[in-house]
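As structure tokens, the structure follows; a few thoughts come after it.
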Amino acid sequence: MKNTVNIIGSGFSSLAASCYLAQAGYKVTIFEKNSTIGGRARQLVKDGFTFDIGPTWYWMPDVFERFFSDFNKKPSDYYALEKLNPAYSVYFGKDDYITIEDTLEKITIAFEKEEPGSAKKLKKFINQAKNNYDIAIKDLVYNPGVSPLELITPATIKKINQFFSTIKKDVRKEFKNDRLVKILEFPVLFLGAKPSDTPSFYSFMNYADFGLGTFHPKKGMYQVILAMENLAKELGVTIKVNSPIEKIIVNNKEAKGIVSNGQNFYSDIVVSGADYHHTETLLDKPFRQYSENYWKKKTFAPSSLLFYVGFNKKLKNVNHHTLFFDVDFDVHAEAIYDSPKWPENPLFYASFPSITDDNVAPNGKEAGIFLIPLAPGIEDTPELRAMYFDKIISRFENLTSQNVKNDIIFRESFCINDFIKDYNSYKGNAYGMANTLMQTAFLRPKLKSKNVQNLFFTGQLTVPGPGVPPSLISGKLVADLITKHHSILV
């Protein structure tokens with residue numbers, strides 16, 4: 001009989017782990033608490049509109065290609081991918097924006113126009129970022145985070161100083177124009193920390209942005225989830241929805257299965273792609289690795305207030321991805337990281353996938369997703385959500401010189417309470433644990449439990465970190481650890 005694996009959750013990391021483990025010969029079952037798979041990357045369909053509830057950015061296409069190639073497949077076997085041009089635009093004031101196009105050559109022209117002499121500096125900066133990207137992808141992120149020695153390679157030794165400086169320092173040393181600074185600091189927000197707390201080495205995110213570009217899967221990011229589901233099922237994985245987990249069964253300090261809907265499901269191995277903190281509450285206290293105090297001291301990536309809006313007309317003066325940086329970034333960041341509270345004047349991001357994709361909105365209408373980054377754990381009420389929608393939609397109208405309030409067919413919201421309810425997310429965080437210097441690689445929560453044999457973890461709170469590509473990698477890493485530690489019975 002094959003070794004059996006029960007996986008908790010059906011997000012990117014869980015689906016990736018299930019594919020690798022099934023390919024290695026394990027009998028794999030996924031248990032998902034919600035009625036649809038995908039975890040944070042689920043979908044909202046309403047009145048002919050389709051919205052990605054979670055991730056909307058498709059960056060680092062090489063990581064997706066590597067994942068599918070491990071199964072002799074290609075992304076194009078499952079979904080169509082389009083490179084966006086422009087990638088995005090950034091508003092700094094009324095009718096005042098910078099457009100980031102689809103090649104580095106075009107982006108350097110935009111930078112030079114904004115700050116004479118910056119084109120040469122940008123090429124040098126992105127060249128360095130590409131070098132970091134190559135090292136990160138080849139030498140670092142595919143390591144399981146079990147030892148500090150993983151960080152020590154001939155390539156990284158030459159970069160050691162970059163772990164003790166920050167993105168903020170590096171960017172501001174080269175670029176004086178505040179607008180360009182904001183654009184260059186933006187990509188590291190995907191790592192969940194302020195640029196002032198993010199090591200310089202993570203400039204590889206700038207290469208992901210300017211060097212590799214921004215893509216859109218036709219019909220939305222959920223197509224990637226469906227692709228991974230198809231692949232998993234082709235490999236023999238069983239997926240059970242509406243299956244919340246009440247407990248992880250432990251006998252003699254060894255994981256023996258899970259309890260779902262009051263029923264015991266035994267297995268040789270348990271993997272959790274659910275929230276790490278929540279997963280440990282499914283264990284009796286002696287078996288937990290990390291105390292409540294441990295989690296309280298960690299720097300978590302932000303939560304978000306999200307709105308999914310159906311508009312009764314096509315919108316003007318916006319791109320598929322549009323950022324609104326017309327207010328003070330540092331003041332907003334302070335409200336997230338330093339003194340958690342609702343920001344008085346929030347930065348926000350908007351996505352209009354129907355500009356690119358006819359599949360996601362009825363003809364002549366627009367699908368809009370609006371996101372405000374927030375501190376995890378703060379108060380979340382319907383009244384606050386409504387107030388902040390009014391704030392950003394009024395600013396949106398002013399900045400883009402158009403009236404849209406009377407053209408809203410509907411709006412749905414998703415915020416801290418929903419992240420907790422739907423994903424058991426610690427304090428309602430949206431992106432896991434931030435990648436700061438003291439929360440990098442082997443300093444993150446471990447893939448393998450040290451207190452319970454045959455219990456493993458994957459996803460944004462463990463190695464390598466937040467984001468969709470790292471989640472795919474996390475699934476591979478945990479599968480590799482399992483196959484390394486267990487001989488398969490056939």
Side-chain angles (χ1 to χ4, degrees), residues 57 59-61 83-137 158-159 161-191 193-215 317-333 347-350 373 399-400 435:
W57 293 79
W59 272 7
M60 301 168 70
K83 189 173 188 183
L84 296 181
N85 184 33
Y88 56 92
S89 55
V90 186
Y91 270 87
F92 297 99
K94 183 175 172 59
D95 303 321
D96 176 18
Y97 56 88
I98 294 175
T99 298
I100 301 301
E101 295 189 73
D102 61 337
T103 66
L104 182 57
E105 290 72 24
K106 294 175 188 173
I107 297 167
T108 54
I109 292 167
F111 267 54
E112 187 67 24
K113 185 178 173 185
E114 194 69 27
E115 180 183 322
S118 65
K120 186 178 177 184
K121 292 178 181 177
L122 181 64
K123 285 176 183 172
K124 180 184 172 188
F125 183 80
I126 297 300
N127 192 47
Q128 176 73 60
K130 181 185 185 303
N131 190 249
N132 287 353
Y133 188 89
D134 291 341
I135 293 167
I137 294 299
K158 295 175 187 171
K159 303 277 185 178
N161 62 314
Q162 288 193 38
F163 287 93
F164 298 98
S165 185
T166 68
I167 291 290
K168 183 172 182 175
K169 281 181 187 170
D170 284 10
V171 168
R172 288 164 192 263
K173 186 169 69 182
E174 295 293 338
F175 301 90
K176 305 307 173 197
N177 182 292
D178 188 56
R179 293 143 65 95
L180 301 185
V181 165
K182 284 179 177 175
I183 290 170
L184 287 168
E185 289 180 347
F186 149 67
V188 301
L189 299 180
F190 284 101
L191 300 170
K194 292 187 292 187
S196 57
D197 291 334
T198 303
S200 301
F201 182 75
Y202 284 102
S203 70
F204 65 73
M205 292 297 291
N206 293 104
Y207 175 70
D209 180 3
F210 288 1
L212 295 175
T214 304
F215 295 79
N317 306 327
V318 288
N319 287 313
H320 183 125
H321 296 298
T322 309
L323 305 165
F324 295 87
F325 284 4
D326 55 307
V327 297
D328 193 314
F329 171 84
D330 290 331
V331 174
H332 187 153
L347 289 85
F348 65 98
Y349 151 70
L399 292 166
T400 64
N435 258 334

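Throughout, numbering of the chain's residues begins at 1 and tracks the sequence.
Inter-residue side-chain proximity for I167 and S203 is flagged as met; some heavy-atom pair is nearer than 4.5 Å. Between S89 and T99, some side-chain heavy-atom pair lies under the 4.5 Å cut-off. Counting heavy atoms from C-beta on, the side chains of I98 and L180 come closer than 4.5 Å. Residues R179 and D96 are in side-chain contact: their nearest non-hydrogen atoms beyond the backbone lie under 4.5 Å apart. Within the 4.5 Å cutoff, the side chain of N132 has no heavy atoms near those of the Y207 side chain. Looking at heavy atoms from C-beta onward, M60 lies in side-chain contact with I137 at the 4.5 angstrom threshold.
The neighbour count for K113 NZ, taken as heavy atoms of other residues, nucleotides or ligands under 6.0 Å away, does not exceed 12. The 12-atom threshold is not exceeded at NZ of K124, counting heavy atoms of other residues, nucleotides or ligands nearer than 6.0 Å. Counting non-hydrogen atoms of neighbouring residues, nucleotides and ligands closer than 6.0 angstrom, the NZ atom of K158 reaches no more than 12 such neighbours. Shown here is K159, whose NZ atom has more than 12 heavy atoms of other residues, nucleotides or ligands within 6.0 Å.
The heavy-atom pair separating L84 from D102 by the smallest distance is O-CB, 3.6 Å. Of all non-hydrogen atoms in D326 and G93, the two that sit nearest each other are CB-N, 4.1 Å. Of all heavy-atom pairs spanning Y202 and V188, the tightest one is O-CG1, 4.1 Å. When every heavy atom of W59 is checked against every heavy atom of G213, the shortest pair comes out as CD1-O, 3.5 Å. The minimum heavy-atom distance between V327 and L347, with the atom names listed, is CG2-N, 3.7 Å.
Under the 3.5 Å distance criterion, the side-chain polar atoms of S200 are matched with a main-chain donor or acceptor of T166. The closest donor-acceptor contact from the side chain of E101 to the backbone of A87 lies at 3.5 Å or more, if one exists at all.
Once rounded to the nearest 0.5 Å, the distance linking CE of M205 with CZ of F190 reads 6.5 Å. With values rounded to the nearest 0.5 angstrom, L323 atom CG is found 10.0 Å from F348 atom CZ. Once rounded to the nearest 0.5 Å, the distance linking CG of N85 with CD1 of I100 reads 11.0 Å. Note that the CZ atom of F329 and the NZ atom of K182 stand 9.0 Å from one another [nearest 0.5 Å]. With rounding to the nearest 0.5 Å, the separation of CD1 in I183 from CZ in F210 is 6.5 Å. Interatomic distance, CD of Q128 versus NZ of K130, reported as 12.0 Å (0.5 Å rounding).
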For K121 and F111, what are the C-alpha separation, side-chain angles and deciding distance, and is it a side chain to side chain contact (heavy atoms under 4.5 Å, CB included)?
CA-CA 10 Å; K121 292 178 181 177; F111 267 54; over 6 Å; no
I'd like to know whether N206 forms a side chain to side chain contact (heavy atoms under 4.5 Å, CB included) with Y133, so could you lay out the CA-CA distance, the side-chain angles of the two residues, the decisive distance to 0.1 Å, and finally the verdict.
CA-CA 9 Å; N206 293 104; Y133 188 89; over 6 Å; no
Kindly determine whether L184 and D170 satisfy side chain to side chain contact (heavy atoms under 4.5 Å, CB included), including the steps that lead there.
CA-CA 10 Å; L184 287 168; D170 284 10; over 6 Å; no
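If you run salt bridge (charged side-chain N to carboxylate O under 4.0 Å, His left out) between E185 and each of K168, R172, K194, K169, only R172 comes through. Across N319, T322, T214, D209, a single residue satisfies side-chain hydrogen bond (donor to acceptor under 3.5 Å, both in side chains) together with Y88, and that is D209.
Partners of H332 according to the ring-ring contact (aromatic ring centres under 6.0 Å, His included) rule, which considers only residues two or more places apart in sequence or in another chain, do not exist here.
Between Y97 and Y91, the angle of the ring planes lies from 30° to 60°, which puts this pair in the tilted group. Between W57 and F186, the angle of the ring planes lies from 30° to 60°, which puts this pair in the tilted group.
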